[in-house]
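Structure first, commentary second.
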Amino acid sequence: MAQDNGGAGARSVPAGLSKNETLVWETLAAGDDPLKAYEILDRLKDRGVRAPMTVYRALDRLERKGHIHKIDGMNAFVLCNHEGPHLVQTFLVCETCSNVRELEMVAVEAGILDAVRKSSFEMNTARLEIKGACEACAA
Ligand SMILES: [Zn+2]
Ligand SMILES: [Zn+2]
């Protein structure tokens, strides 16, 4: 079962972010599509951020806090649609327009956690990228 949590739309900046983390978070919140690190840097130049490391560090911290996710297949980042960090992340990735939507798939999460526990493996993250065509591109 998949549940759509809608876009990141009118979200307010999470509490406890540093200045640079807030800038990166706002940049991701302003766009609908996933952004690569250099695209974020590009958009932040006018706001005084010029060092790539500043962006990389902020992305790293935001990801560890669970506010954003990395889409490995695109090497790009999106805001998390959910409250708080979660280990299993599921995305619908459109191969035509690069649109990405995060889905909450409770059954998938439970299945993965259970199987991993049975393997005595200590999991950090699981990301599932479901590739295909979004509604607009499939039409
Ligand atoms: Zn998420
Ligand atoms: Zn599409």
Side-chain angles (χ1 to χ4, degrees):
M1 215 181 73
Q3 189 193 343
D4 188 2
N5 286 276
R11 306 249 324 258
S12 46
V13 182
L17 298 190
S18 72
K19 180 174 161 277
N20 288 331
E21 288 165 34
T22 302
L23 286 172
V24 168
W25 190 95
E26 284 174 349
T27 305
L28 283 169
D32 281 337
D33 292 329
L35 293 175
K36 297 182 198 306
Y38 73 85
E39 292 171 325
I40 296 170
L41 179 64
D42 232 38
R43 293 176 192 204
L44 283 177
K45 276 186 177 143
D46 291 344
R47 300 179 73 179
V49 177
R50 302 192 194 277
M53 272 316 287
T54 305
V55 172
Y56 291 133
R57 277 201 217 103
L59 284 168
D60 190 52
R61 283 194 303 260
L62 286 168
E63 199 187 356
R64 272 190 278 129
K65 291 178 188 174
H67 297 308
I68 65 171
H69 300 308
K70 188 174 184 189
I71 309 293
D72 291 318
M74 303 171 76
N75 201 20
F77 298 85
V78 291
L79 288 194
C80 175
N81 271 348
H82 309 118
E83 298 290 326
H86 54 113
L87 293 179
V88 178
Q89 302 151 11
T90 332
F91 305 95
L92 299 179
V93 179
C94 178
E95 293 175 298
T96 306
C97 72
S98 301
N99 182 276
V100 171
R101 236 172 65 197
E102 184 177 6
L103 287 183
E104 195 170 351
M105 297 172 93
V106 178
V108 171
E109 174 151 12
I112 288 176
L113 292 176
D114 189 50
V116 170
R117 199 179 321 112
K118 283 179 182 148
S119 307
S120 306
F121 184 82
E122 196 177 321
M123 181 178 107
N124 287 330
T125 320
R127 281 190 205 111
L128 178 62
E129 296 176 18
I130 301 168
K131 302 197 177 170
C134 73
E135 200 177 358
C137 292

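Excluded from the calculations below are hydrogen atoms, water molecules and symmetry mates; all remaining heavy atoms, backbone and side chain alike, are included. We count ligands from 1, going down the list as the structure has it; atoms in each ligand are counted the same way.
Looking at heavy atoms from C-beta onward, Ser18 lies in side-chain contact with Arg61 at the 4.5 angstrom threshold. Residues Val88 and Met123 form a side-chain contact, since some pair of their non-hydrogen atoms from C-beta on lies under 4.5 Å apart. At a threshold of 4.5 Å between non-hydrogen side-chain atoms, the residues Leu92 and Glu102 do not count as touching.
As for Glu102, its N/O/S atom nearest the Zn ion (ligand 1) is the one called OE2.
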Let me have the donor-acceptor pairs involving side chains of residues 41-58, under 3.5 Å, with sequence neighbours excluded, atom names and distances please.
| residue | atom | partner | partner atom | Å |
| --- | --- | --- | --- | --- |
| Arg47 | NH1 | Glu26 | OE1 | 3.4 |
| Arg47 | NH2 | Glu26 | OE1 | 3.0 |
| Thr54 | OG1 | Ala51 | O | 3.4 |

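Listed by chain and number, the protein atoms of type N/O/S under 2.8 Å from the Zn ion (ligand 2) are Cys94 SG, Cys97 SG, Cys134 SG, Cys137 SG; waters are omitted.
By the neighbour-count criterion of 12 heavy atoms within 6.0 Å, atom NZ of Lys19 is sparsely surrounded, having that number or fewer from other residues, nucleotides or ligands.
If you check the side chains of Glu109 and His86, you find no donor sitting under 3.5 Å from an acceptor.
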